Number of protein chains: 2
Amino acid sequence: MTADPAPPTRPVTLEDVAQVAGVSRATVSRVINGAQTVDAALRTAVEQAVAATGYVPNRAARSLVTRRADSIALVVSEREQRTVSEPFVGRMFTDPHFGRIVGGLLDVLRPAGIQLLLMLADDDASRSQLVSFLRQGHVDGVVLLSSHADDPLPELLTRTGLPTVLAGRPTRSAAPIAYVDVDQQAGARLAAEHLVGLGRRRIATLSGPLDMPAGQDRLNGFRTAMAALGDPDVVSVEGDFTQAGGAEAMKRLLAEHPGIDGVFIASDLMALGALPVLYREGRRVPEDVAVVGFDDSSAALACDPQLTTVRQPVEEMAAEMAGLLLRQLGEAGRSTPSAVFRPTLVLRHSA
Amino acid sequence: MTADPAPPTRPVTLEDVAQVAGVSRATVSRVINGAQTVDAALRTAVEQAVAATGYVPNRAARSLVTRRADSIALVVSEREQRTVSEPFVGRMFTDPHFGRIVGGLLDVLRPAGIQLLLMLADDDASRSQLVSFLRQGHVDGVVLLSSHADDPLPELLTRTGLPTVLAGRPTRSAAPIAYVDVDQQAGARLAAEHLVGLGRRRIATLSGPLDMPAGQDRLNGFRTAMAALGDPDVVSVEGDFTQAGGAEAMKRLLAEHPGIDGVFIASDLMALGALPVLYREGRRVPEDVAVVGFDDSSAALACDPQLTTVRQPVEEMAAEMAGLLLRQLGEAGRSTPSAVFRPTLVLRHSA
DNA sequence: TTGAAAGCGCTAACAA
DNA sequence: TTGTTAGCGCTTTCAA
């Protein structure tokens, strides 16, 4: 009984709608695009015709004349291509953080009718392919997620003249480029003050990778804050923001400094890996070792005990990236405003 | 000294290239599209002109005439919109699994010059918006990631006539629709045989959500296999494929059946949550309780001890989805071939 | 306020 | 093998 509702017929065009409504193509176009200069009667006639025909605008045709793509690219830039044996270990796509960013972007983009293109750049070839794709205006703007400090992409993108927003502050601030970040140093300070406030005296940190701004900033911020609090020589072990990396870093830390009673772990995911190591080594959390994480991701809740952590409003920040981009599209002038969010400390049970 | 290489000039068109090369637009078009019927000399002339002018084809114009978008949509379908307070808890985007799928798709799509549009459907409004977007041919095909069994989207998508591939078998096999899956039941059988082979006799399982095919299949497969092995009454506790859900399910299991000596956990992520619960309750893994997971995701390596698990080749499966789609685009005939991958058991230290 | 008409950049008949 | 030409569906002057 399910009659085929759409035999392979020619799609409905503006012309068809115009005919049904008894007006010109131009008028239909005006109605579709919400122009104010249309008579109310004609407008409703057109709207009915649109409904009756099931018309949906052809984006390609529209793009061709407006020179807008109504889409933006989310570019994920990684240092190098993965190996066959370790397909996605430690890759950005598999980090839950990535998903939160996508969600935040979509929050703003969907209501605006803007599509999100997902693009990956992980070697010179793919980078230049990417840039030439972007140059021809197939997207209106770019959100760049870069995993490493020496990434040439921020520079390349600014040269295309496309509105671009970075997730996290750029390393080389040479070119003026908009970005959205959390105040990493302030976040680290929150952690330092909390640990010291708890009375901990042998405090260490598991840092993120030091070739990433976020890794550097959290470590520097923590060091600076601890120095201000009277401890200028905080021990740090470098991790890589992954769970496995967190476990590994904690093993090293404990081997070299078994006496610690507090640790700031620069990402919740690393903390998730590090906690079991602490238990294996006979430490109770928070009794023997107080732990403060960073991110307030789902990993913080998955920790046992649940993690006291520095909250970074990832979804809001991603939404702000989209907003920044949309505003840049609106205005012709090339402004590059950035946004830095304030972190907060979320108290749970690990410290 | 960095002279602005691209002042806001008019983009290079086919016409420009033709002029530079001293040929017609059509010839340039042929070269660009790799037609064989072009004289070698002219071809090189055109190629040089392309290089000299920095020409990149305008996709909108091409789409308009070819009626191909050279892009496909990755549609993520969730049951309902998230709340403000729990932005992305348990959402598909934040599952590392999602990232692996994206990676596998891109592996095939990138070399083919096909773009990936990321689209989210999480309520009736967004679903119908999505369908009308897709209907007008803005993408050539769809990969659907659906999180729930009663999702109307598979049905809606087949009705659009767009080539579609599902990740995982569809629930209602009413409409013939292509899908890629792992043989879930065979995977569960692998786990059952391994646990029994280890000499475990009080075996239980933490299942996935039973409103998802993957959840159902793994549980059914495990029950069937255990029955064949002489244990028709396996205890099961329903989880939700998340880490927190795994911890919670394990707590319930232990409370009701403290005597278990083996457990099949239907996803590595749940195992990651469940292991610490076992330790807290004084069980050693694998000595007291042998644990087998499912997925062979990074979570399996993050477990301590590393997880013995049923491997599901996610990246390959995603690549196959893209391949299936590409092949459907090539041929006019509406065929809906599917692919079911064989799982393997990866032996590590938890069982 | 509305309509007629001119393209946007490209591909694909069709002719040569 | 190459060039000419006619659109693809839409927006946007320009006139009316």
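Lettering follows sequence order; numbering is per chain, from 1. Values reported hereafter were calculated over all heavy atoms of this structure, with side chains retained and with hydrogens, waters and symmetry mates removed. No experiment lies behind these values; they were computed from the predicted model shown.
- With A:D181 contributing its side chain and A:R169 its backbone, the two residues share a donor-acceptor pair below 3.5 Å.
- Between the A:R110 side chain and the B:L120 main chain, a donor and an acceptor come within less than 3.5 Å of each other.
- From one end of the helix from C:dT1-D:dA16 to C:dA16-D:dT1 to the other, with five pairs defining each end axis, the axis direction shifts by 40° (rounded to 10°).
- Remark: B:S71 engages no residue in a side-chain hydrogen bond (donor to acceptor under 3.5 Å, both in side chains) (not counting sequence neighbours).
- Smallest separation of non-hydrogen atoms from B:L153 and B:A121: CD2-CB, 3.8 Å.
- Partners of A:T44 under the side chain to side chain contact (heavy atoms under 4.5 Å, CB included) rule, at least two apart in sequence or in another chain, are A:E47.
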**Complete:** Its contact letters, B for base, S for sugar-phosphate only and - for none at protein heavy atoms under 4.0 Å, make nucleotides 1-8 of chain D read SBBBBBBB
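- B:D140 places no side-chain N or O within 3.5 Å of a backbone atom of B:I72 that could act as its donor or acceptor partner.
- When the side chain to side chain contact (heavy atoms under 4.5 Å, CB included) test is applied to B:E15, the partners found at least two apart in sequence or on another chain are B:T13, B:R25.
- Once you apply a 4.0 Å limit to the heavy atoms of chain A, the touched nucleotides of DNA chain C run 5' to 3' over C:dT1 to C:dG9.
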**Request:** Apply side-chain contact (heavy atoms from CB on, under 4.5 Å) to the pair B:Y55 and B:V46, showing each step before the final yes or no.
**Result:** CA-CA 11 Å; B:Y55 170 77; B:V46 169; over 6 Å; no
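- Donor-acceptor pairing under 3.5 Å is lacking for the side chains of B:T53 and B:D16.
- The CG atom of B:L156 sits 9.5 Å away from the CZ atom of B:R135 when rounded to the nearest 0.5 Å.
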